Amino acid sequence: MSTIPAPRKSTVRLFMENIKDYLSRIVGDALSEAADIAGSDPNVITASRPEFGDYQANGVMAVAGRCCRKPRELAEAVIAGLRDEEDLVASAEVAGPGFINIKLRDQALIARGNGVLHDPLSLIPPDSQPRKIVVDHSSPNLAKEMHVGHLRGTVIGDCLSRVLERLGHEVIRQNHVGDWGTQFGMLISYMQDLGEDSSDLQTELEDLETFYRAAKDKFDSDSAFADRARLSVVKLQGGDPEYLSAWQRFIDESSRHCQEIYGRLDVGLTLADLDAESRYNDDLEGIVRELEEKGLLQESDGARCVFLPEFKGKDGEPLPVIVQKSDGGYLYSTTDLAAVRMRSFDFKADRSLYVVDARQSLHFQQVFAVAQAAGMASAEISLEHIAYGTIMGKDGRPYKTRSGDSVKLADLLDEAVTRAFELVSGKNPDLDEDERRLIAENVGITSVKYADLSKNRMSDYVFDWSTMLSFEGNTAPYLLYACTRIKSLLRKQGDDCSVNELTELTQPEERALLLKALQLPEIVEIVARECYPNLLCNYLYELSGAFMRFYEACPVLKAEPRIRNTRLALASLTEQALKQGLDLLGINTLERM
RNA sequence: GCGCCCGUAGCUCAACCGGAUAGAGCAUCGGCCUUCUAAGCCGAGGGUUGCAGGUUCAAGUCCUGCCGGGCGCACCA
């Protein structure tokens, strides 16, 4: 990273409140006063159209309705009562039925910009109320290889973790992998049949998907094997050392595979974040006992269940949450209750986010409700299912290849990198091959991540190789390309120019870019609260667009010195916003591409 | 049957607790490289936001009812 010289003036200020929060506060105060209603919401948003100014306050009309005032009159009173201690507002005007359109002073924007150049990390100030937050994400089943279905939860959870950490929260990542289900009996027996020390086994474990399928085929076709497999589960869960060690061998192999994928994806999950189902094995009996002691447990058809009035099944019958099967086995819900308890009382988390497929929303509603009813979660903890939609095929069904198997995540990434290498080799043949390979690895993988992160997480989306691996338009390469253009400028600026300070704005493209760059913290705040990474993607795409337009319209290196300095400073400010924003998405910038 | 989610341009998606004339990308057509990386920029066409009501100064957004799609609903995770 290039070091950024501090501005010469000693008057640099740092701003701990972003522009939107600042305006919300001063307009809100003025509105509350003018309407004599404490805590009135000014509803300040960025202007919906440029001719309205930079920001607009939409809240006056609603408040006017409540206090029986004419909206435009009230808006005038609000403007008259503004106490703008930062001197940020150039003009505030009433428009239409009672909007307040706000235009900001160039010099105030410049002051904020220089503050960021002086201390780049001040661009995203920490949250004033740091919390402890669990982010449960990725959570693959270790019996099989990771497939495209695991992409969303992995990258969305990683992004949210990064955003929350950046805001100063203590984030506890948890990877709730499936490692304890009945399938593991089958896999253990299959391993034993191959001979645990044989080289065959080692080779077969190289490809978990094939291994799983082979075991499954045997399970389906060989009833003696199936019996042994079922026995293996019992032995395993009963703690038989021989079975445990076979199981451990498999889990290690599978975890290693996951870590490989995480490494390629540049996802922060480590083995230390593993929160496997098996971890809770010894707690499950206690969970059931506790439910019984609290009088919440009922027996139904031999299974032990919790019935809550708010859940109804088919025909309006009460719907149970089964915590223990009639054969004595425990279930997903039981494990999740144990996990809630740990997160709430051992970790003492303020929020616990579950980044999990939307199809499990009923399950989480039930687990959260039972946990609250049974006191397994404190009253304060916020339990949130961060649901995401399914990746669909062209046929509108959940994505599968023709053979019926899901596409391996590793294969998708390989394909992305291959295509990126072809592209970079075509675009920039002068770079040596090693660098082209590094660029391709970055571009290919980040394109896949970005393609997912940039979509609203609630929607199902159709998987399509060409959009997933597109390198034009609203894609990771567009953002990376903006960065390389900036870096190229900064490389070429030479040593003669060490001043890194904004002085005056002469072109509208400069102003638009500066304002946009300063808005990063506003978006980060929303993402932390609402957990929608696509908002950050949209913002970064707009920021890059603002830079591209600036780049086309405003020559930098050839401009006269004063303007050149400001434009270079603007470029490095933009670089900071892009770099820091991309870092929150888990994307590293490139020097050239 | 009940519940959750979704329905926006030919395709894939946006639209910040309801805000002014619904925005991008891809695809199509047309312009811009002897000047800082053309993975770029500028422009054109393309919409009754599934349908019908309702609430509101204001509805893609909230409410009701239909239509269409996805998912879930007792011992899998």
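Residue numbers start from 1 in every chain, and the chains themselves are labelled A, B, ... in the order their sequence lines are given, proteins ahead of strands. The shown structure was predicted, so the numbers you read here are calculated from the model rather than taken from an experiment.
The side-chain tip of A:Arg437 points at the ring of A:Phe421 from less than 6.0 angstrom away and within 45° of straight on. For the pair A:Arg419 and A:Phe471, the cation-pi criterion (under 6.0 Å, within 45° of the ring axis) is not fulfilled.
Atom CD of A:Gln365 and atom C1' of B:rG3 are 8 Å apart (whole Å). In this structure, A:Arg49 atom CZ and B:rU21 atom C1' are separated by 5 Å, rounded to whole Å. For A:Tyr388 and B:rC71, the OH to P distance is 16 Å, given to the nearest whole Å. Whole-Å rounding puts the A:Phe184 CZ to B:rC76 P distance at 16 Å. The nearest whole Å value for the distance from the CZ atom in A:Arg72 to the P atom in B:rA20 is 17 Å. Residue A:Gln360 contributes atom CD, which lies 16 Å from atom C1' of B:rG3 at whole-angstrom precision. Look at NZ on A:Lys516: it is 13 Å from P on B:rC16, rounded to the nearest Å. One can place CG of A:Asn141 at 10 Å from P of B:rA77, the figure rounded to the nearest angstrom.
The gap from the C1' atom of B:rA15 to that of B:rA77 amounts to 36 Å, rounded to the nearest Å.
Under the stacking criterion of a centre-to-centre distance below 5.5 angstrom and an interplanar angle below 30°, A:Tyr481 is not stacked against the six-membered ring of B:rG40.
B:rU12 is paired with B:rA24 under the Watson-Crick or G-U wobble criterion, all donor-acceptor distances under 3.5 Å. When both distances must be under 3.5 Å, the Watson-Crick or G-U wobble mate of B:rG60 does not exist. Both distances falling under 3.5 Å, in either a Watson-Crick or a G-U wobble arrangement, place B:rG1 opposite B:rC73. Across the strands present, B:rG43 finds its partner in B:rC29; the criterion is a Watson-Crick or G-U wobble pair with both atom distances under 3.5 angstrom. Pair check for B:rC66 finds B:rG50; Watson-Crick or G-U wobble, both atom distances under 3.5 Å.
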| query | Run the side-chain contact (heavy atoms from CB on, under 4.5 Å) check on A:Arg457 and A:Asn534 step by step: do they pass? | reply | CA-CA 8 Å; A:Arg457 64 170 163 80; A:Asn534 68 303; 5.9 Å; no
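Checking B:rU37, B:rU21, B:rG19 against every side-chain atom of A:Asn428, the shortest atom distance belongs to B:rU37. Minimum atom distance to the side chain of A:Asn456 is reached by B:rA15, of the listed B:rG19, B:rA15, B:rU37. Side-chain proximity of A:Met61 to the nucleotides B:rG19, B:rA39, B:rU37 is greatest for B:rG19. Listed nucleotides: B:rC41, B:rC36, B:rG19. Nearest to the side chain of A:Pro97: B:rG19.
In the model, A:Tyr55 has no side-chain atom that pairs as donor or acceptor with a side-chain atom of A:Asn101 under 3.5 Å.
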Can you pull every protein N or O that's under 3.5 Å from an N or O on nucleotides 28-33 of chain B?
none

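The ring of A:Tyr481 has its center no closer than 6.0 angstrom to the ring center of A:Phe547.
Surrounding CD of A:Gln507 are more than 12 heavy atoms belonging to other residues, nucleotides or ligands, all under 6.0 Å away. Counted within 6.0 Å of NZ on A:Lys516, heavy atoms from surrounding residues, nucleotides or ligands total more than 12; the atom is thus considered enclosed.
Rounded to the nearest 0.5 angstrom, A:Leu423 CG and A:Arg436 CZ are separated by 12.0 Å.
Using a 4.0 Å heavy-atom distance criterion, A:Asn101 is classed as a base contact.
Taking for each of A:Ile322 and A:Phe52 the nucleotide of RNA chain B with the nearest heavy atom, the 5'-most of the two is the partner of A:Phe52.
Scanning atom types as modelled, one donor and one acceptor separated by under 3.5 angstrom connect the side chain of A:Gln56 and the base of B:rA20.
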